[in-house]
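The structure appears below as structure tokens.
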Amino acid sequence: MAYFKICVRAKRRDNTYPIYIRVTHHGEVGYLKTDKLCKAKSIKKGEVIDNYIIKELSELIDSYIDRLNRENIKNWSVKKVIEFLNSNSSNPSFSSFCRLFIAKMNNENRETTSINYELALKRLEEFMGKNDILFSDITSSIIRGYIESMKDSLYKKHGYPNRIKTMFKAGCEKYNDYDTGDMIIRNNPFRGVKIPRPVSPRKRALDIEVIKKFINVDLSNVPTIVNGLEEKSIRAKNVCLMVFCLAGMNTIDLYYLLPENFKDGKICYCRKKTSSRRDDKAYMEITVPDIIKPLMEKYKGKRKLFNFCETYCDSRCFNKAINDGIKEITNLIHSEHITVYSFRHSWATLAQNVFGASLDMVGFCLNHASSHRVTAGYVKTDFSPIDRMNEKILNYVFNKQ
């Protein structure tokens, strides 16, 4: 296995240091020269301490590791490793860049979004028959064929090419210098390519009778504990109740809530999916209704507000487990297809169709971005309308007077 370290060697006459990446493999040492320079003040005890340089070159090292992991380098010399890594320095790997792009999304707790980018890349690699696609490999005809290969799904024909396009544009921003005209990625495979329009999402709202039947399902014959864990259908039922009673909160947000997000009887949080893309950090507040207070205590966590992170390694595993448990319940109640997201759709549908909420109001309650962004910047947000709407919906569904 090859090991990498950011380092400097001899100082230049202008009192700057060229920065290298030292490569160690089978006890041999070699150096990869980078395009970075630093002044003496950025060196401490022989180590580079400039955070910008460290960040940039750490990403480069990650791409080197990703490329080498695809090769059998057991019998390579360090010279061959360096020749291999230098061979495509002017023709970077799209696959490696995408994996770093996706890893960054995961580090930002955007696992639900990143999985679709992973699937888009995997489908493209399968279509092209290679697992290390270069930027230069991707042409307009490739993209057209890629779109056509997904004729079985209009959702994929729209969503996957758009995600590939997003990552390709991000790669251009990284590798091309538009100020100097130094263009490493010269091709534009999306020019002249028409990506199909998105398919209208299937309405997933449930009838009120289905919601009641689901929430009131008798699980007394189901073992409470299986293999040391709460039986998944029981947990699924409880989590769906929490989602519905918290105005359709997403499972990823339930998973990552911290104790400090619960203040004065309210859950105050920033929605993970969009917090990094909105000026208001997608912040919202909602009062915890009495009906789920026992569940707040039941699932109280040690490090986070809920103990879901102590059972599931990430929010995707948690969401999948809940949906698996839902399938068991739908079989018991002989119901249509249901997912945990159905309860978010159902809350929104009741708000508009039963209580006459405007689409703007429904969007506000669901923590969608405001369609009046400039105006919203002038107004201090009052979240109490969400509580009032939530109370009406819960009273309506659970027959409270």
Side-chain angles (χ1 to χ4, degrees), residues 1-4 21 23 25 32 57-107 110-111 113-176 183-196 316:
M1 179 173 177
Y3 297 90
F4 301 89
I21 295 176
V23 186
H25 185 58
L32 284 160
L57 296 187
S58 293
E59 290 180 358
L60 181 60
I61 289 171
D62 285 344
S63 70
Y64 287 162
I65 293 171
D66 189 66
R67 288 178 60 194
L68 290 176
N69 281 340
R70 300 166 187 279
E71 307 292 332
N72 182 3
I73 66 170
K74 183 177 179 180
N75 297 318
W76 288 13
S77 65
V78 72
K79 182 179 179 181
K80 185 171 181 179
V81 169
I82 290 173
E83 287 176 350
F84 171 77
L85 294 175
N86 277 328
S87 62
N88 283 318
S89 60
S90 61
N91 192 6
S93 166
F94 178 70
S95 293
S96 295
F97 175 80
C98 288
R99 289 184 173 85
L100 293 173
F101 184 94
I102 292 163
K104 184 174 183 291
M105 296 178 88
N106 287 329
N107 290 336
R110 296 171 61 197
E111 298 101 334
T113 304
S114 72
I115 191 170
N116 290 314
Y117 283 81
E118 287 181 47
L119 292 171
L121 175 62
K122 181 180 178 182
R123 185 74 182 249
L124 181 62
E125 289 177 337
E126 289 173 350
F127 172 73
M128 295 181 67
K130 55 197 305 186
N131 59 9
D132 189 14
I133 302 169
L134 304 180
F135 278 88
S136 60
D137 291 333
I138 306 174
T139 64
S140 298
S141 60
I142 289 288
I143 295 298
R144 290 191 185 97
Y146 174 57
I147 293 172
E148 182 61 25
S149 74
M150 295 178 286
K151 57 186 177 184
D152 58 313
S153 171
L154 186 55
Y155 169 79
K156 292 177 183 177
K157 286 178 72 171
H158 165 75
Y160 286 6
N162 269 307
R163 292 178 180 98
I164 294 297
K165 184 177 181 179
T166 296
M167 292 189 285
F168 195 95
K169 288 176 65 178
C172 291
E173 290 297 322
K174 175 178 174 61
Y175 292 110
N176 290 345
M183 310 291 283
I184 292 176
I185 302 171
R186 297 179 178 274
N187 54 316
N188 180 3
F190 292 92
R191 180 181 296 153
V193 174
K194 186 176 181 180
I195 297 175
R316 282 191 293 186

Q | Set of residues satisfying ring pair (Phe, Tyr, Trp, His ring centres under 6.0 Å) with respect to Phe127, sequence neighbours excluded | A | none

Q: Measure the spacing between CZ of Arg186 and OG of Ser136 and express it to the nearest 0.5 Å.
A: 12.0 Å

(Q) Checking Glu125 now: which residues fulfil salt bridge (charged side-chain N to carboxylate O under 4.0 Å, His left out) with it, not counting sequence neighbours? (A) Arg99

Q: With sequence neighbours excluded, tell me which residues meet side-chain hydrogen bond (donor to acceptor under 3.5 Å, both in side chains) with Asp62.
A: none

Q. With sequence neighbours left out, what residues match Lys80 under salt bridge (charged side-chain N to carboxylate O under 4.0 Å, His left out)?
A. none

(Q) Between Arg67 and Ser95, is there a side-chain heavy-atom distance shorter than 4.5 Å? (A) no

Q.
Once side-chain hydrogen bond (donor to acceptor under 3.5 Å, both in side chains) is applied, do any residues pair with Ser96, and if so which ones, sequence neighbours excluded?
A. Asp66, Ser93

Q: Answer yes or no: does atom NZ of Lys165 have more than 12 heavy-atom neighbours from other residues, nucleotides or ligands under 6.0 Å?
A: no

**Q.** From CA spacing to verdict: salt bridge (charged side-chain N to carboxylate O under 4.0 Å, His left out), Lys156, Glu148
**A.** CA-CA 10 Å; Lys156 292 177 183 177; Glu148 182 61 25; over 6 Å; no

(Q) I want to check something: taking the side chain as every heavy atom from C-beta on, are Arg144 and Lys194 in contact at a cut-off of under 4.5 Å? (A) no

Q. Under 4.5 Å between any side-chain heavy atoms of Leu60 and Leu57, yes or no?
A. yes

Q | side-chain contact (heavy atoms from CB on, under 4.5 Å) partners of Met128, counting only residues at least two apart | A | Leu124, Lys130, Ile133, Asp137, Ile142

Q | Residue list, side-chain contact (heavy atoms from CB on, under 4.5 Å) with Lys104, at least two apart or on another chain | A | Glu108

Q: To the nearest 0.5 angstrom, please state how far the CG atom of Asn116 sits from the CG atom of Asn162.
A: 12.0 Å

Q: Just jot down the side-chain contact (heavy atoms from CB on, under 4.5 Å) partners of Lys122, sequence neighbours excluded, or say none.
A: Glu126

Q) Does His25 use its side chain to pair, donor to acceptor, with the backbone of Ser77 at less than 3.5 Å? A) no

Q: Any chance you could measure Met167, atom CE, to Leu100, atom CG, to the nearest 0.5 Å?
A: 11.5 Å

Q. Between CD1 of Ile61 and CD1 of Ile21, what distance do you get to the nearest 0.5 Å?
A. 4.5 Å

**Q.** Flag side-chain contact, heavy atom, 4.5 Å: Thr139 against Asn187
**A.** no

**Q.** ring pair (Phe, Tyr, Trp, His ring centres under 6.0 Å) involving Tyr146 - partner list, sequence neighbours excluded
**A.** none

Q.
Could you work out, with ring pair (Phe, Tyr, Trp, His ring centres under 6.0 Å) as the rule, every residue matching Phe190, not counting sequence neighbours?
A. none

Q: Determine whether Ile115 and Met105 make a side-chain contact, defined as any pair of heavy atoms from C-beta on separated by less than 4.5 Å.
A: no

Q: Provide the closest heavy-atom pair for Asn176 versus Ile184 in the form atom of the first, atom of the second, distance.
A: OD1-N, 2.8 Å

Q: Please name all residues satisfying side-chain hydrogen bond (donor to acceptor under 3.5 Å, both in side chains) with Ser140, sequence neighbours left out, ordered by chain then number.
A: none

Q: Taking all heavy atoms of Pro196 and all of His158, pick out the closest pair and write down the distance.
A: O-ND1, 2.9 Å

Q) Going from CD1 on Ile164 to CG on Leu121, what distance comes out if it is rounded to the nearest 0.5 angstrom? A) 5.5 Å

Q. Given side chains that start at C-beta, do those of Tyr160 and Ile147 come closer than 4.5 Å, heavy atoms only?
A. no

Q: Please lay out, stage by stage, how Glu71 and Trp76 fare under the test side chain to side chain contact (heavy atoms under 4.5 Å, CB included).
A: CA-CA 10 Å; Glu71 307 292 332; Trp76 288 13; 4.1 Å; yes

(Q) Please check this pair: side chain of Arg123 against backbone of Ser149, looking for a donor-acceptor N/O pair closer than 3.5 Å. (A) yes

Q: Kindly write out the residues that satisfy side-chain contact (heavy atoms from CB on, under 4.5 Å) with Phe135, not counting sequence neighbours, or none if the list is empty.
A: Pro92, Phe94, Phe97, Phe168, Tyr175, Ile185

Q) Does any non-hydrogen side-chain atom of Phe4 lie less than 4.5 Å from one of Leu68? A) yes

Q. Atom CG in Asn69, atom OH in Tyr64: separation rounded to 0.5 Å?
A. 15.0 Å

